[in-house]
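Remarks on the structure that follows.
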Amino acid sequence: MGESRNCVNDYRRCQHDLLKNREADALAIASSISDGIYIIDKKGIVTATNKAFMDITGINGSKIIGKKMQEVWNSLIFISDPAFIEIKQKEEKYKLDLLKNKNNLKTRKPKAVGIIALQEKRPITVLTTIDRTNKRVLITGTPFLDSDGNVTQVLTIIKDLTELFVLREKLEETENDKKRYLDEINNLKEGIKEKQNYNGLISKSRGMEKIIELIEYVAKTDVTILITGETGVGKEVVARSVFKNSKRYNKPYIKVNCAAIPETLLESELFGYEKGAFTGASNKEKLGLFELANSGTILLDEIGEIPINLQAKLLRVLQEKEIKRIGGIKTIKIDVRVIAATNQNLEEEVRKGRFREDLFYRLNVIPITIPPLRERKEDISLLAYTFLEKFNKLYNKNKDFDITAIEALESHDWPGNVRELENAIERLVVIGDKNFITRNSIISILGIDKFKDINEVKIKGTLKEIVDNFEKTIIEKTLKECGTTYKAAEVLGITQSTVVRKAKALGITEW
């Protein structure tokens, strides 16, 4: 009998040792995984934790062994999610509303997940935030039942989802940025359509807006206009805009490129000649371009190329409104509105004796100086999309720009101005089969040396100083281009009061 009792005791000791070994093995495995784990008994007392528990919760697991889990939970968990905890059992979901007072402060904290699982006798899953470590976690409590259906212990697993939520937020930010970029692109395209209504003048820069305002004032009059600006800035487009908005819109519009006509023929082209007026002249009279433009408008492009001997005759046209053909003896009255254009500095030409001073003053009644494209960067995207639409239709393409392309276009100085930009866009549309035009596409046709400023970043000072200097440059430049804080705020996408506050803080006083 004694031997039997000893055998039973030995068996029980073996089973107990085996169970302890299994628990030790289980805890060793648990300590090697990244999820936090704690175990409570049927009374809610913590019996074990793993290493990751401390990493996630910020609490030393060994110090809570033997303590009630609800007390630990009360010092550990803070719900920062919307006003509910989501609890999931199999396919069923339901919500526990948090109680809040009028000041929106939580008046009680929910029970620990392990305790809920202990009381409910079923698996419980909660999404919440750890207050100490500010980690987003998914906590799952799983009860273990004996043969009578009573809970013997609860295993609770805490899965750190912080990085997933950060990634999700970054993805949402990326999606929001993408939407904003698409909205900006669509706004640009819509803006282009609106701007195109003003006779081909496409601009949102302050400098060009002033020119458009001036055109609206002077177009209805017959005043002489002198348009100046670098090659390719759009002098002819401005001249046509003046013509289209004038009362002579339905009358002739004659364009004369004074630099393209040989000096020996320029006089006869402008003023015409009588039959047989000179050797080589035809046997019938020839009307000059001024006569052909009668009652309408004449554009004298590259006016600075007119030889000095013809300038006196042109001055008479402007003063007396009459011409005399080569070989003729009578004067012919004409009614012509004169618009002149040049890329030369006529005042300098006057000082050098190559252009008559009296003619210059006759032409310069209303001067319009078109700024180069490098001084109105905000117009580049509008113009680029206009040319893109034009050449997509012309060549039966369906290309579009990505954001990197627009940034690259705006970083180039465009010495050839609008004409160079238009030629570049045409090449980009024609070359290649890809639907999107990128920064690399643009570099491939313009050359990497044109974009050194993109890669060259000079960093001096502290991070705050660098950021402040960069912000000051952007705000100051935008204010100078827009002229008012309201327009600058619209361009920058911030409120007018923010523009005023930042300008004051950054020491921007003039624009």
Side-chain angles (χ1 to χ4, degrees), residues 183-221 223 225-246 249 299 339-341 343 364-390 406 409-410 412-414 416-422 425 473-496 498-500 503 508 510-511:
D183 289 342
E184 288 177 0
I185 289 171
N186 290 331
N187 289 337
L188 282 173
K189 292 179 178 178
E190 290 301 318
I192 289 169
K193 292 178 181 178
E194 293 178 6
K195 297 294 183 179
Q196 281 178 327
N197 291 334
Y198 200 83
N199 305 312
L201 276 177
I202 301 164
S203 175
K204 63 178 180 180
S205 66
R206 182 56 185 159
M208 289 302 294
E209 282 182 1
K210 288 180 179 179
I211 290 175
I212 291 172
E213 291 170 2
L214 181 58
I215 290 173
E216 290 176 340
Y217 284 123
V218 303
K220 302 299 182 183
T221 70
V223 65
I225 296 174
L226 176 61
I227 304 171
T228 59
E230 296 178 6
T231 299
V233 292
K235 296 186 288 295
E236 189 175 327
V237 176
V238 171
R240 178 171 287 278
S241 182
V242 172
F243 166 67
K244 286 186 175 181
N245 286 277
S246 72
Y249 176 66
L299 168 62
I339 301 174
N343 60 5
N364 199 41
V365 179
I366 299 292
I368 296 178
T369 301
I370 306 174
L373 198 53
R374 63 181 173 276
E375 294 179 7
R376 45 187 176 109
K377 297 279 190 180
E378 59 269 46
D379 289 344
I380 292 175
S381 55
L382 284 172
L383 291 165
Y385 276 108
T386 301
F387 298 142
L388 181 68
E389 184 177 355
K390 171 185 173 180
I406 296 299
L409 290 173
E410 290 179 342
H412 183 40
D413 279 342
W414 301 106
N417 294 294
V418 179
R419 185 179 297 123
E420 182 188 4
L421 175 62
E422 182 176 12
I425 302 303
T473 300
I474 295 297
I475 294 175
E476 193 169 34
K477 182 176 182 293
T478 306
L479 283 169
K480 286 181 179 179
E481 290 172 348
C482 295
T484 69
T485 54
Y486 290 97
K487 288 189 176 180
E490 185 178 350
V491 170
L492 294 171
I494 56 180
T495 63
Q496 185 266 350
T498 301
V499 173
V500 173
I508 302 171
E510 296 181 1
W511 57 82

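- In this structure, F243 and Y249 approach most closely via the heavy-atom pair CZ-O, 3.2 Å.
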- request: Give the intermediate values and the outcome of side chain to side chain contact (heavy atoms under 4.5 Å, CB included) for residues T484 and R206.
  value: CA-CA 10 Å; T484 69; R206 182 56 185 159; over 6 Å; no

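- Under the 4.5 Å side-chain criterion, counting only non-hydrogen atoms from C-beta, I225 is not in contact with V365.
- Taken from CD1 in I211 to OG in S241, the straight-line distance is 10.5 Å, to the nearest 0.5 Å.
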task: Take K220 and S246 through the side chain to side chain contact (heavy atoms under 4.5 Å, CB included) test and state the conclusion after the steps.
output: CA-CA 5 Å; K220 302 299 182 183; S246 72; 5.9 Å; no

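- The closest donor-acceptor contact from the side chain of K235 to the backbone of T228 lies at 3.5 Å or more, if one exists at all.
- With sequence neighbours left out, K377 forms a side chain to side chain donor-acceptor pair (under 3.5 Å) with no residue at all.
- Looking at residues two or more places apart in sequence or on another chain, you find no salt bridge (charged side-chain N to carboxylate O under 4.0 Å, His left out) involving K210.
- The CD1 atom of I339 lies 6.5 Å from the CG atom of L299; values are rounded to the nearest 0.5 Å.
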message: Go through it in stages, so that I can follow the logic: the residues are I366 and Y217, the test is side chain to side chain contact (heavy atoms under 4.5 Å, CB included), and I'd like the CA-CA distance, side-chain angles, deciding distance and then a yes or no.
response: CA-CA 11 Å; I366 299 292; Y217 284 123; over 6 Å; no

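- In this structure a side-chain-to-backbone donor-acceptor pair under 3.5 Å is present from T386 to L382.
- With sequence neighbours excluded, the residues forming a side chain to side chain contact (heavy atoms under 4.5 Å, CB included) with N417 are E230, V233, P372, L373, listed by chain and number.
- Looking at D379, its side chain does come within 3.5 Å of a backbone N or O of K204 through a donor-acceptor pair.
- Contact check for V499 versus L479: side-chain heavy atoms found under the 4.5 Å cut-off.
- At least one side-chain heavy atom of L409 sits less than 4.5 Å from a side-chain heavy atom of W414.
- When side chains are defined from C-beta on, L226 does not count as touching I368, because their heavy atoms never get closer than 4.5 Å.
- Distance check, rounded to the nearest 0.5 Å: OG of S203 to CG of L383 gives 7.5 Å.
- For the pair H412 and R374, the minimum side-chain heavy-atom distance is 4.5 Å or more.
- Qualifying side chain to side chain donor-acceptor pair (under 3.5 Å) partners for Q496, counting only residues two or more places apart in sequence or in other chains: T485.
- Considering only heavy atoms from C-beta on, M208 comes within 4.5 Å of P371 through its side chain.
- Taken to the nearest 0.5 Å, the CD1 atom of I370 stands 12.5 Å off from the CD atom of E375.
- Contacts of E490 classified as side chain to side chain donor-acceptor pair (under 3.5 Å), with partners at least two apart in sequence or in another chain: none.
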Stepwise side chain to side chain contact (heavy atoms under 4.5 Å, CB included) test for I475 and I508: CA-CA 8 Å; I475 294 175; I508 302 171; 3.8 Å; yes

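- Between E209 and R376, none of the side-chain N atoms (NZ, or NE/NH1/NH2) sits under 4.0 Å from a carboxylate O, so this pair counts as no salt bridge.
- The side chain to side chain donor-acceptor pair (under 3.5 Å) search around T478 returns none, not counting sequence neighbours.
- Here L388 contributes atom CG and K390 contributes atom NZ; the two are 12.0 Å apart, rounded to the nearest 0.5 Å.
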